[in-house]
Every structure is written in structure tokens, then in C-alpha cells.
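Some notes on the structure that comes next.
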Amino acid sequence: MSLTHPFRALPLSALAISLATLAHAADLPIKPSVGDLVKKSRPSDWRPLDPNNTLYMELPTGRVVIELAPEFAPQNIANIKTMVKEQYFDGLAMLRSQDNYVAQWGDPNSETTPKPLGSAKAKVVGEFTVPMPNDKHFVRQMDFDGYAPQVGHSNGFPVGRDPKAKTTWLTHCYGMVGVGRDNDTDSGNGAELYAITGHAPRHLDRNITVVGRVVAGMPLLASLPRGGEAMGFYGAKDTRLPIKTVRLEADVPEAERSHLEVMRSEAPIYKDVIEAQRNRGGPWNKYAANYVELCNAPIPVREHPKE
């Protein structure tokens, strides 16, 4: 009869190593979590969203709040703002929900009877990177990354950086918002946008214009029914979720605004937040990774505390 007890099946040396590992793992110190750090943070550790660079996309299911990053894509964002001001997105719809990838929205009739763009441009140059000197807020994260020589955050946005090429770019982490395009780099204009809803497709970095990120309302996009056509596009048998309105926060009455603020990546507490995600403490965790991917280290966002 064979012995199946896991400890009896191990040689004494392996058993000793296993017991020692368990004993060591159980000794992980209790460390502050990101939630703990948010609670102990100071008002100066946070910045409010800029009303002139914040979009509210109102869906039948709720509000999606998008923070724009004009330092990285000024021409595309200017075009998007023109469309928002002229209410181009009102009445359009979600076009696509591809599992573990993106949710995309725009004009469902763009191939047959497209909605006029008004004053917006039909083509905008692709803004895939910016010169390093243009990124004045870069704070490096000291972890290896397979897609960029350096990674970190710039004003709260996840970014990659190449010191040799002297360029910086927004990365395709969960919730980031980009501009759909065809093969030509200037074939996008912001009329079709997408948000990352799955594992970060970082191969898209530096191949497409990223204009910002969703800071609230991601569950509304991530939970959309998956499209029945190729690449998750909605077909004739699918029901598209309509877009009620898209507005700049600056054009929304104060009483109707979402008062959100983002932790400053330049604040000293930022390094503690990254460390809390890199090496999570006990007692539940039994192993400290001493590593965190860029997209697994998001900067906290919260509602502004009431006075």
C-alpha cells in the first residue's frame, strides 16, 4: 500500500525546507495597506480633477468620469473637446465589448449615414509619444518592465519612458482611454474611443494615441455584454447601450458634479503606496513579491472629503 500523506511522501530534507518556508512566511510583518495610507494622507497629497479636462459620459446605467491628459495628446484632446462642446457624442452608442480587452464607443452608423463632425477635424495626427522634457511630472517606479526601459506615473497617469529615444508615453493599463484608428497613423480623430477593460494590452503602447483614463464608472464599461461579432463588435442581433450625453465637467452645474481627487504622484506618500502594492504585509499574505507591475499599481482616486 502506497503512502499518500503529503508529508510522508517528502524526504526529510525537503520536509524541513517546507516547514522552514512556512514558518518564515508566517512571519511577514503587518504593513499598511493602500487603504490605510489613504486614511492617513493629508489634503496636500491630493489634487482635484481639472474641470476643463474631465469628461462626464452619461449612460442609462450611470456616469463614467474620464480624466484627459492634454500634455500627452493635445491635438487629439482638442478635437475631442470640440466634439463634446458641439454634442457630437449625444445619442451615439457603445459599439464593442471584447472580452478581456476593450469597450469602444462612437457612431454605429459611421459606415452608412455618419453623424456630421461639425467643427471637428476628420483626421488628427497620431500622438503616440511626447519628448521627455514635455513630461514635467514623471516619478519613476523602480520595477522592471518588459515594454519600457523605465516606468512610473506622471500626474497620476501610468507612463513608460525611453531615455535613449528621449520619449515618454501613456501606457495601456486597465481603464486607460485611447483613440480608435485604421492603419494610417492620422486616421483617428477621437470620434471613436475605447477603454481598456481587461488585462493590460501593453503591445498597443506607442502604436495608438492614449488621451486619458477612466477615474470613476469602470464597472459600467467592464460589465457590458460581450459583442456577438468578431472582436466583440455588436451586430444586428445585439442591443447597443446608448450614450445619453458627454459633457466637460466645466459645463456641468456645480451641484451635479462628481467631486473627485487624485493622489499626487509627486507627493512623498506615493512611494509608500507603490511599496504597499509591491510588498503586501501579513497576516493574510505569506509571501512578499518585492515586485509590482506598472498596471497593478494604480494611483488612488477618491471623492473629496466633506468639510
Side-chain angles (χ1 to χ4, degrees), residues 53 55 66-86 88-89 92 94-96 98 101-112 114-136 138 145-151 154-155 157-214 230-233 246 294-295:
N53 285 302
L55 300 180
I66 299 170
E67 181 182 23
L68 301 173
E71 292 181 355
F72 288 90
Q75 296 184 62
N76 280 268
I77 288 175
N79 210 48
I80 291 169
K81 286 183 179 181
T82 296
M83 287 184 276
V84 170
K85 287 279 189 180
E86 297 179 359
Y88 169 79
F89 291 100
L92 300 187
M94 306 306 299
L95 305 177
R96 173 188 182 194
Q98 185 173 358
Y101 202 47
V102 301
Q104 189 166 325
W105 58 94
D107 183 0
N109 301 312
S110 61
E111 299 295 326
T112 54
K115 186 174 182 177
L117 290 173
S119 302
K121 298 176 181 178
K123 291 186 176 183
V124 181
V125 62
E127 296 173 293
F128 302 160
T129 66
V130 297
M132 278 176 49
N134 289 16
D135 176 20
K136 302 177 178 63
F138 179 73
D145 185 86
Y147 291 94
Q150 296 178 1
V151 293
S154 178
N155 211 24
F157 292 94
V159 297
R161 171 175 277 200
D162 185 346
K164 290 185 178 179
K166 300 188 184 313
T167 56
T168 307
W169 58 91
L170 294 174
T171 59
H172 278 78
C173 294
Y174 183 80
M176 296 298 282
V177 175
V179 174
R181 69 170 176 88
D182 292 325
N183 287 339
D184 294 337
T185 58
D186 65 349
S187 56
N189 59 11
E192 283 194 12
L193 299 170
Y194 64 87
I196 303 300
T197 58
H199 183 74
R202 295 283 305 284
H203 61 281
L204 296 177
D205 292 358
R206 292 183 278 185
N207 281 300
I208 203 162
T209 301
V210 182
V211 294
R213 60 172 178 157
V214 176
M231 300 178 66
F233 280 95
V246 178
L294 172 66
C295 294

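Only heavy atoms go into these numbers, but all of them, side chains included; no hydrogens, no water, no symmetry mates.
Contact check for Y88 versus D107: side-chain heavy atoms found under the 4.5 Å cut-off. The closest side-chain heavy-atom distance from P149 to P163 is below 4.5 Å. Between M231 and Y101 there is no side-chain heavy-atom pair separated by less than 4.5 Å.
In this structure, A195 and V177 approach most closely via the heavy-atom pair CB-CG2, 4.3 Å. Between L193 and I80, the shortest heavy-atom distance links the atoms CD2-CD1, 3.9 Å. The shortest heavy-atom contact between V159 and F72 is CG1-CZ, 3.8 Å. Closest non-hydrogen pair, I196 versus C173, comes out as CB-O, 3.4 Å. In plain terms, the two heavy atoms of A73 and V211 that are nearest each other are CB-CG1, 4.1 Å. The two atoms that bring R213 and M176 nearest to each other are CB-SD, 3.4 Å, heavy atoms only.
Separating the CH2 atom in W105 from the CZ atom in R96 is a distance of 12.0 Å, to the nearest 0.5 Å. For the atom pair CZ of F233 and CE of M94, the computed distance is 11.5 Å after rounding to the nearest 0.5 Å. How far OG1 of T171 is from OH of Y147: 11.5 Å, rounded to the nearest 0.5 Å. The structure places CG of L68 at 4.5 Å from CG of L55, a figure rounded to the nearest 0.5 Å. For the atom pair CG of N155 and NZ of K136, the computed distance is 11.5 Å after rounding to the nearest 0.5 Å.
At least one donor-acceptor pair closer than 3.5 Å links the side chain of N189 to the backbone N or O of A122. A donor-acceptor contact shorter than 3.5 Å is absent between the side chain of R181 and the backbone of I208. A donor-acceptor pair under 3.5 Å is formed between the side chain of E127 and the backbone N or O of Q75. Listed for the T209 side chain is no donor-acceptor partner under 3.5 Å among the backbone atoms of V179. Side chain of D186 to backbone of K123: no donor-acceptor contact under 3.5 angstrom is found.
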Q.
With side-chain contact (heavy atoms from CB on, under 4.5 Å) as the criterion, how do F157 and E67 come out once you've worked through the C-alpha distance, each side chain's angles and the decisive distance to 0.1 Å?
A. CA-CA 10 Å; F157 292 94; E67 181 182 23; 3.6 Å; yes
Q: In sequence, state the C-alpha distance, the side-chain angles, and the governing distance for T129 and R206, and then conclude on side-chain contact (heavy atoms from CB on, under 4.5 Å).
A: CA-CA 6 Å; T129 66; R206 292 183 278 185; 3.6 Å; yes
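Every residue two or more places apart in sequence or in another chain that forms a side chain to side chain contact (heavy atoms under 4.5 Å, CB included) with E71 is listed here: H137.
For residues 191-203, the side chain to side chain donor-acceptor pair (under 3.5 Å) pairs, not counting sequence neighbours, are Q104-E192, D145-R202, H172-Y194, R202-D205.
Enclosure of atom NZ in K115 by more than 12 non-hydrogen atoms of other residues, nucleotides or ligands within 6.0 angstrom is indicated.
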